[in-house]
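Labels below follow one simple rule: chain letters A, B, ... track the order of the sequence lines, proteins then strands, and each chain is numbered from 1.
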Amino acid sequence: MSTDEFPTDRPAVVTCGLPYANGDLHIGHLRGYIGADAFNRTLETLGQETAYVSGSDMHGTPVAVNAEQDGVDPADFALEWHDQYEETFPKFNVEFDNYGHTHDETNTQLTQEIVRTLDEEGYVYEKEIQVAYDPDADQYLPDRYVEGTCPYCGKKARGDECDEGCQRHLEPGEVEDPTSTITGNPAEYRERSHKFFEVSAFADYLTDFLDNLEGTSNARNQPRQWIEDGLQDWCITRDMDWGIDYPNGTADGDDEDDLVLYVWVDAPIEYVASTKQYSERVGTDEYDWERVWKEDGDIVHVIGRDIIQHHTIFWPAMLEGAGYNAPRAVAATGFITINGKGLSTSRNRAIWAKEYLEEGFHPDLLRYYLTTTGGLQQDVDFSWDAFQETVNGELVGTVGNFWYRSLLFAYRNYEGTPEVDVSPDVADRIEGAIGDVRENVNDYSLRGVGQAAVELAQFGNEYIQRNEPWKLTDDDSEARSASEEPSGDEPRGPEQAAQVIRDCVQIAKAVGVLLEPITPEKSQQLWAQIGEEGTVADAHIEDALEAPPRNFDEPGELFAKIEDDRVDELNAKLEERVAAAGADAEESDTEHDDTDGDESADATDTSEAATTDLEALAEDRIGFEDFQELDIRVGRIETAEGIEGADDLARLEVDIGLETRQVVAGIKQLHDLEQLPGTKCVLLANMEPAELFGVESNGMILAAGEEADLLTTHGDAALGEKIK
RNA sequence: UGCGGGAUAGGAUAAUGGCAGUCCACGGGGCUCAUAUCCCCGAGGCCCAGGUUCGACUCCUGGUCCCGCAACCA
């Protein structure tokens with residue numbers, strides 16, 4: 001590892017986090033794949049020898065569980081997702097040099113080889129541990145097959161992680177009061193012999209490693225804390241069938257056959273395996289995977305920030321222990337939010353890869369948005385409104401407009417590039433942009449790379465505007481030359497027009513070269529428009545200064561505006577979908593309640609308890625004016641349905657005369673929702689809107705006490721009448 | 001109560017301890033080659049309180065507020 005700037009004279013490899021073969025891809029995933037792809041493309045543009053590799057992550061309990069539920073073989077299940085991913089990436093111009101998967105032969109062999117080495121080097125030991133076991137299902141319960149109580153914070157936790165409480169990684173056997181997620185029965189602990197990787201032996205090594213690690217700051221800082229707290233050795237085997245077998249001859253005990261490696265052991269090794277496959281395909285003369293991974297290659301991992309631990313603790317320790325090269329950089333991306341709220345696949349608040357394409361948007365638009373909207377490390381919000389703003393403002397208005405106006409002018413007046421040399425000032429400006437790209441890629445700032453290109457286009461617009469070549473061309477310059485004499489030091493008239501347009505074509509080309517890592521396809525179209533041969537992807541960044549071909553055809557517009565009503569439509573679709581997901585989930589929730597006898601018992605318990613201790617009366621009196629601020633109206637419940645995941649909450653539509661409001665109310669425990677429609681109620685109408693369980697609530701239904709006894713009217717007050 | 005991230009103009013987003021920049025929106029002007037696109041000018045900003053410093057958006061302490069994480073959703 002070295003801190004030489006890119007491009008280095010060593011081979012590099014860029015990876016993105018492995019997609020887990022368990023579900024559809026969405027823009028949260030894409031951010032990482034596109035980011036790594038753009039980074040790799042930028043390195044290529046700089047002349048760096050590099051490869052971009054990844055693969056599908058096929059093992060682990062979620063795949064095993066879901067495959068079982070679908071009644072299919074886990075390998076088939078995972079492969080189906082793998083195939084889908086492989087088809088999807090090119091559609092976003094994400095071009096891997098190799099894309100494999102963790103279940104293939106290369107990874108299986110390499111994983112076993114590396115683990116064997118770790119074992120031989122004395123970094124692996126065996127320990128008897130307590131493993132949860134489900135006597136009814138007659139099987140052991142690794143990781144998420146078991147849940148229980150976190151021994152550190154006392155909260156409910158999954159078998160491998162205290163997900164709701166302290167977020168600690170839990171080792172097998174740590175969870176208290178284990179329950180089987182297969183049968184729901186209490187699990188018992190049985191003693192089993194498992195393999196442990198001695199991570200604790202690497203504490204000093206890892207501290208040094210982090211000091212030299214490039215990438216994003218969160219990937220350096222977070223693990224320092226973990227090291228200070230003390231590293232736990234890492235249990236690397238599991239009692240299950242789906243996974244890579246622990247290498248033969250080293251495990252002992254009768255049930256050796258059942259032990260597979262923990263998914264996080266073989267997953268990162270896929271980075272190496274995938275590189276190896278690439279090397280084997282193109283030949284080691286062209287790209288030598290062993291040099292990269294075992295000698296002096298520059299290894300760059302782009303990951304999501306949730307897997308920093310694996311990439312800055314476990315993984316470098318494994319690499320070091322097995323005699324491999326250490327990563328040069330770990331760049332951890334932030335999350336994507338949708339309209340300011342957390343992306344949620346279960347609530348369908350997500351922009352799916354497939355959906356984006358079906359809407360007919362060009363992949364380069366999303367690539368640009370995701371890479372330039374925020375820093376790599378920052379959380380980035382996605383909304384169709386912001387997407388529109390970025391596309392229309394920067395890609396259409398600045399880049400597209402500059403490209404089109406320059407090339408069209410050049411084509412009409414000169415049938416291509418005017419035959420003069422580019423002016424020194426413009427060449428300097430382009431040189432400056434090239435410098436910005438170099439600097440930014442070394443800072444792992446894709447945003448900066450994109451900005452350097454767009455700012456150059458912006459300069460182009462200023463330049464053409466300032467020089468007004470349209471006033472200087474042959475056609476109508478005669479009239480002008482009478483009034484506007486040459487100002488002496490600068491040539492005015494046709495020669496200057498030719499110079500300006502010559503410069504603009506050069507700038508247009510440069511923008512195309514510089515933007516290629518982010519908008520490869522659009523840049524390629526520009527490349528073709530100016531009559532260049534070959535592909536812009538193969539161009540070197542210095543080609544931005546090379547003269548474009550003399551002649552080219554009439555150019556076309558490369559970016560189209562996104563209209564307002566299109567955005568309205570997309571917003572409506574998204575809202576609808578989120579609402580529908582809530583309703584679907586609610587149905588299954590209701591089914592649950594029916595079979596759950598405890599629910600009704602709970603309700604009676606609380607109603608009895610509620611009568612015994614009453615809240616003390618409030619001391620503070622309020623004025624009439626304070627009361628008047630409350631806009632309380634008579635309403636009628638039109639529809640009522642439960643909300644997914646909530647014990648008491650219901651989604652109501654309430655007619656309050658002037659309009660119908662959607663309200664979320666905690667009234668499910670006492671009232672039968674089916675009886676509610678038609679019932680009059682009292683609603684606080686100027687309550688701030690709130691979102692509860694993903695459902696927006698626009699008002700507050702008045703009800704009494706803990707179990708929410710609904711208030712109503714006894715006369716025939718009209719809907720919408722104010723309570724005074 | 002936990003962990004992580006954050007707070008900069010109306011909205012969004014930057015700045016090795018050294019003049020707070022950029023985009024959208026807004027007000028004014030200009031251009032007509034260009035997709036009503038583009039260019040120029042203007043107004044408008046560092047969460048609060050301390051501390052370190054010649055100098056703090058930046059570093060330290062304390063506080064306030066926001067966001068994410070709770071069926072693998074990165």
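In this structure, A/Tyr404 does not reach the B/A34 phosphate: none of its side-chain N or O atoms is under 4.0 Å from OP1 or OP2.
Contact check for A/Leu526 versus A/Leu407: side-chain heavy atoms found under the 4.5 Å cut-off. At least one side-chain heavy atom of A/Leu210 sits less than 4.5 Å from a side-chain heavy atom of A/Thr312.
Classification of A/Arg305 and A/Asp379 as a salt-bridged pair holds, one side-chain N sitting under 4.0 Å from a carboxylate O.
Ring orientation note: the planes of A/His29 and A/Tyr33 are close to parallel, at an angle under 30° on the 30°/60° scale. In this pair, A/Phe361 and A/Phe387 present their aromatic rings perpendicular. The plane angle is above 60°, beyond the 30 to 60° band.
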Distances for protein N or O near nucleotides 37-43 of chain B N or O, under 3.5 Å:
| residue | atom | partner | partner atom | Å |
| --- | --- | --- | --- | --- |
| B/U37 | OP1 | A/Lys561 | NZ | 2.3 |
| B/U37 | O5' | A/Lys561 | NZ | 3.0 |
| B/U37 | O2' | A/Asn401 | OD1 | 3.2 |
| B/U37 | O2' | A/Asn401 | ND2 | 3.2 |
| B/C38 | O4' | A/Asn401 | ND2 | 3.3 |
| B/C38 | O2' | A/Arg405 | NH1 | 3.0 |
| B/C38 | O2' | A/Gln465 | OE1 | 3.3 |
| B/C38 | O2 | A/Gln465 | OE1 | 3.1 |

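Residue A/Phe409 contributes atom CZ, which lies 17 Å from atom P of B/C31 at whole-angstrom precision. As rounded to whole Å, 13 Å separates atom C1' of B/C24 from atom CG of A/Asp564. Rounded to a whole Å, the NZ atom of A/Lys341 is 14 Å from the C1' atom of B/G68. Atom-to-atom, CG of A/Leu407 to C1' of B/U35 comes out at 14 Å; the value is rounded to the nearest Å. For A/Leu376 and B/G5, the CG to C1' distance is 15 Å, given to the nearest whole Å. The separation between A/Asn339 atom CG and B/G68 atom P is 12 Å, rounded to whole Å. Straight-line distance from the CG atom of A/Asn218 to the P atom of B/C67: 21 Å, rounded to whole Å. Atom CD1 in A/Ile338 sits about 17 Å away from atom P in B/C67, given to the nearest Å.
Contacts of A/Tyr444 classified as ring-ring contact (aromatic ring centres under 6.0 Å, His included), with partners at least two apart in sequence or in another chain: A/Phe39. Every residue was checked against the ring-ring contact (aromatic ring centres under 6.0 Å, His included) condition with A/Tyr411, not counting sequence neighbours, and none meets it.
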Given salt bridge (Lys or Arg N to Asp or Glu O under 4.0 Å), test A/Glu455 with A/Arg429 step by step and report yes or no. CA-CA 10 Å; A/Glu455 278 165 14; A/Arg429 180 62 186 78; 5.1 Å; no
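Residue-level contact check: A/Ile307 touches neither bases nor backbone, having no heavy atom under 4.0 Å from any strand. Nucleic acid contact class of A/Phe335 (heavy atoms, under 4.0 Å, all strands): base. Across all strands, A/Leu343 comes closer than 4.0 Å to base atoms (heavy-atom distances). Counting any heavy atom pair closer than 4.0 Å across all strands shown, A/Arg31 reaches no nucleic acid atom.
For RNA chain B, if you chain together Watson-Crick or G-U pairs that step i with j, i+1 with j-1 and so on, the runs of at least three with distances under 3.5 Å are B:2-7 with B:64-69, B:10-13 with B:21-24, B:26-30 with B:38-42, B:47-51 with B:59-63.
No donor-acceptor pair closer than 3.5 Å links the side chain of A/Trp352 to the backbone N or O of A/His26.
Nucleotides B/C39 and B/A56 have their C1' atoms positioned 37 Å apart, rounded to a whole Å. Using C1' as the reference atom, B/U37 and B/C31 are 12 Å apart when rounded to the nearest Å. Here, B/A15 and B/A71 have their C1' atoms 42 Å apart, quoted to the whole Å. Straight-line distance between the P atoms of B/G21 and B/G42: roughly 12 Å, to the nearest whole Å. If you take atom C1' in B/G27 and the same atom in B/G44, they sit 11 Å apart, rounded to whole Å. Between the C1' atoms of B/G18 and B/C57, the separation comes to 13 Å (whole Å). As rounded to the nearest Å, B/C26 and B/A20 have P atoms that lie 27 Å from one another. Comparing B/A9 with B/A49, their C1' atoms are spaced 24 Å from each other, to the whole Å.
Contacts classified as salt bridge (Lys or Arg N to Asp or Glu O under 4.0 Å) and involving residues 388-405 of chain A (residues at least two apart or in different chains) are not found.
When distances run from any side-chain atom of A/Trp470 to the nucleotides B/A34, B/C31, B/G68, the shortest one goes to B/C31. In this structure, the nucleotide among B/U35, B/G68, B/C33 sitting nearest to the side chain of A/Phe559 is B/U35.
Remark: the A/Asn66 side chain and the A/Asn22 side chain contain an N/O donor-acceptor pair separated by less than 3.5 Å.
Each of A/Pro469, A/Ser406, A/Ser423 was compared with A/Tyr463 under the side-chain contact (heavy atoms from CB on, under 4.5 Å) criterion, and only A/Ser423 meets it. In summary, of the residues considered (A/Phe77, A/Tyr99, A/Tyr20), a ring pair (Phe, Tyr, Trp, His ring centres under 6.0 Å) with A/His82 occurs for A/Tyr99 alone.
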Its contact letters, B for base, S for sugar-phosphate only and - for none at protein heavy atoms under 4.0 Å, make nucleotides 6-15 of chain B read S----B-SS-
